[in-house]
Amino acid sequence: MKKMFINFICFIVIFSCVSTTVFALDEPGISTYANNTASTNTVFVIIDGVAYATISYNGYDGITTNAVITTKIQKKFLLFFWQDVDGAYWTDYASGVYYSNSHSISVSSGTYRVQVEYTIYGSGGEADVITDEIEAKK
């Protein structure tokens, strides 16, 4: 009986700690990694043989100043390996609080992925470096 009571107390303590942590991460306005960026968004789709990579970020008024965004598309081969697609590497230099752009390239059948690295600068502290990777199939 005593062992069951101790296990129950341990379960309650662990569950309450996990719940508190998850709640804090879901709270609006809390950012776990960004000093200068409110959000980034990457979309990668393949439609009718064309791969589209759309990139965007939203910064903070009075904080976010500029950004460098690199985008690369790769094709999967031999089940585990990735090879850069010729002509599918772009570097965007943005200034301001908001930015959005799209890149596209024709692709053949297969599995592709986009790799995006956002480096966003501002007065909020060190530059935010945020990476994103999305796969799509043709």
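For residues 90-138, the pairs satisfying ring-ring contact (aromatic ring centres under 6.0 Å, His included) are Trp90-His103, with sequence neighbours left out. Sequence neighbours left out, not one pair with a member in residues 44-59 passes salt bridge (charged side-chain N to carboxylate O under 4.0 Å, His left out).
For the residue pair Ser100/Ser56, the side-chain donor-acceptor check at 3.5 Å is not satisfied. Looking at Lys75 and Ser108, their side chains do bring a donor and an acceptor atom within 3.5 Å of each other.
Here the shortest heavy-atom pairing between Ala94 and Tyr57 reads CB-OH, 3.8 Å. Thr119 and Ala127 get closest at one heavy-atom pair: CG2-CB, 4.1 Å. Val114 and Ala53 make their closest contact through CG2-CB, 3.9 Å (heavy atoms, listed as atom of the first residue, atom of the second, distance). Looking at every heavy atom in both residues, Glu135 comes nearest to Trp82 through OE2-CZ2, 3.6 Å.
Rounding to the nearest 0.5 Å places CD1 of Ile69 at 9.0 Å from OG1 of Thr40. How far NZ of Lys72 is from OH of Tyr89: 7.0 Å, rounded to the nearest 0.5 Å.
Looking at Thr64, its side chain does come within 3.5 Å of a backbone N or O of Asn36 through a donor-acceptor pair. A donor-acceptor pair under 3.5 Å is formed between the side chain of Asp128 and the backbone N or O of Thr37.
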(request) Test side chain to side chain contact (heavy atoms under 4.5 Å, CB included) on Ile105 and Val50 and set out the steps. (result) CA-CA 6 Å; Ile105 191 164; Val50 179; over 6 Å; no

(request) May I have the step-by-step check of side-chain hydrogen bond (donor to acceptor under 3.5 Å, both in side chains) for Ser39 and Asn58, ending in yes or no? (result) CA-CA 5 Å; Ser39 65; Asn58 293 316; 3.3 Å; yes

(request) Verify side-chain hydrogen bond (donor to acceptor under 3.5 Å, both in side chains) between Asp132 and Thr42, making sure each step is shown before the conclusion. (result) CA-CA 7 Å; Asp132 209 354; Thr42 304; 3.0 Å; yes

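Take Gln74 and apply the side-chain hydrogen bond (donor to acceptor under 3.5 Å, both in side chains) test, not counting sequence neighbours, and it matches Asp84, Arg113.
Contact of the Ile63 side chain with the Asp61 side chain is not registered, since no non-hydrogen atoms from C-beta on lie closer than 4.5 Å.
Tested against Asn101, the residues Thr71, Thr54, Asp92 include a single side-chain hydrogen bond (donor to acceptor under 3.5 Å, both in side chains) partner, Asp92.
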